[in-house]
Enquirer: 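Quick one: structure below, then a few questions.
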Amino acid sequence: MPRGVMPRRPARTGRQDRVNMARTRTAAPVRPGRTPAAAKAPRTPKTSASAKGPKAYNPVAPERIAEILKRLDQLYPDVTCALSHAGAWQLLVATILSAQSTDVNVNRVTPELFRKYPTVEAFAALAPGQLEPDVRSTGFFRNKSKSVVGAARKIVADFGGQVPDDMEKLLTLPGVARKTANVVLGTWFKKAEGVVVDTHVHRISRRLELTKNHDPKKIEQDLMRIIPRERWILFSHQIIWHGRRLCDARKPRCVDCALENLCHAADKTWSTVEVRKNAKA
Ligand code: SF4
């Protein structure tokens, strides 16, 4: 080492340490995966116009809903419930039996069932086990037998043998939830108290972005908010028919669907429009 040149040592005063500490405090934190420059870049405040965009897409805009309803009217002008029935009691039984089954399957069972037990009193006199062989082919036959016999007994005991035309009273019957009550009220009594949310309405309402919910009660509330009340009964029937004919759960026939250019479902099988990842069954 040449004379007069000494190796540098840290200052005893700690002066340099204080400078380094200050630098550390003022430096912007950098999150993993971000460059320091990006981390420091100031955020541009968004105005409400730039956040929404000039033509923000609103899946429940009244004009979109009106167009969907118009096309459903063209596709299914006079549809109604596909369950065979003659009277409110028969419709109630058929709807209870249709859970997790098809209308075709239920329609195979009910003519013989109503020939054997022609009145609500005849059902009320049964033990649930006696009904089981008659409804076995509709699936879940033990629960369904209990519900049908229980509903018959309650109708005889509390409602004079007549199916009530009132949502609250219908909901007191065993095995009857809002879907069944809405079917009876809408189809037989022509009372629009709600929207029937069965498996088809559930799936297609989500595909068409009429709801983001999965819970049938919440889906019904969403639909009641955006569909005019005078359309509640027909809308349910139309969507149920659309589900049977075209908008299949696994393989919707989008290429043949008149709603195709209004539908952004991610599980479409064919599309002329942009699809949205959250719009699906
Ligand atoms: S386009 Fe396809 S997914 Fe959409 S409603 Fe029609 S059949 Fe269903």
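Note that ligands are numbered from 1 as they come in the structure, with each ligand's atoms numbered from 1 the same way. Atoms considered below: every heavy atom in the structure, side chains included; atoms not considered: hydrogens, waters and symmetry mates. None of these values were measured; they are calculated from a predicted model.
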Enquirer: In the protein, what heavy atom is nearest to atom 8 (Fe) of ligand 1, and what distance, to one decimal place, separates them?
Expert: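 The protein heavy atom lying closest is Cys247 SG, 2.4 Å.
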Enquirer: As an exercise, state the distance from CD1 of Ile240 to CG of Asp198, rounded to the nearest 0.5 Å.
Expert: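 Between atom CD1 of Ile240 and atom CG of Asp198 there are 4.0 Å.
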Enquirer: Could you tell me, atom by atom, which parts of ligand 1 come under 4.0 Å of a heavy atom of Arg207?
Expert: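 Those qualifying, in numeric order: 3 (S).
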Enquirer: Considering only non-hydrogen protein atoms, determine which one is nearest to atom 4 (Fe) of ligand 1 and report residue, atom name and distance to 0.1 Å.
Expert: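 Result for atom 4 (Fe) of ligand 1: Cys263 SG, 2.4 Å.
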Enquirer: Same cluster for Val273 and Ile65 if Ile/Leu/Val/Met/Phe/Trp/Tyr side chains link at under 4.5 Å?
Expert: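 In one cluster: no.
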Enquirer: For ligand 1, which atoms sit closer than 4.0 Å to a heavy atom of Glu260?
Expert: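 Every atom of ligand 1 under 4.0 Å from some heavy atom of Glu260: 1 (S).
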Enquirer: Assess whether atom CD of Gln162 is packed by more than 12 heavy atoms of other residues, nucleotides or ligands within 6.0 Å.
Expert: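 No, the 6.0 Å shell around CD holds no more than 12 heavy atoms from other groups.
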Enquirer: Could you work out, for atom 7 (S) of ligand 1, the closest of Ser271, Ala265, Cys257 by heavy-atom distance?
Expert: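 Considering heavy atoms of Ser271, Ala265, Cys257, the nearest to atom 7 (S) of ligand 1 sits in Cys257.
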Enquirer: Would you find more than 12 non-hydrogen atoms of other residues, nucleotides or ligands less than 6.0 Å from Asp78 atom CG?
Expert: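 No.
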Enquirer: Under 4.0 Å from a heavy atom of Lys268: which atoms of ligand 1 are those, numbered in the order shown and with their elements?
Expert: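 In order of numbering, the contacting atoms are 1 (S), 3 (S).
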Enquirer: Taking the side chain as every heavy atom from C-beta outward, state whether Glu209 and Tyr57 have any pair of such atoms under 4.5 Å apart.
Expert: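 Result yes, sub-4.5 Å side-chain heavy-atom pair found.
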Enquirer: Using a strict cut-off of 4.0 Å, indicate which atoms of ligand 1 neighbour a heavy atom of His242.
Expert: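 With His242 as reference, the close atoms of ligand 1 come out as 5 (S), 6 (Fe).
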Enquirer: Is any side-chain heavy atom of Arg253 closer than 4.5 Å to one of Asp248?
Expert: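 Not touching, per the 4.5 Å side-chain cut-off.
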Enquirer: Would one find an N, O or S atom of Cys254, in either backbone or side chain, under 2.8 Å from atom 4 (Fe) of ligand 1?
Expert: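 For Cys254, the answer is no, given that no N, O or S atom comes within less than 2.8 Å of atom 4 (Fe) of ligand 1.
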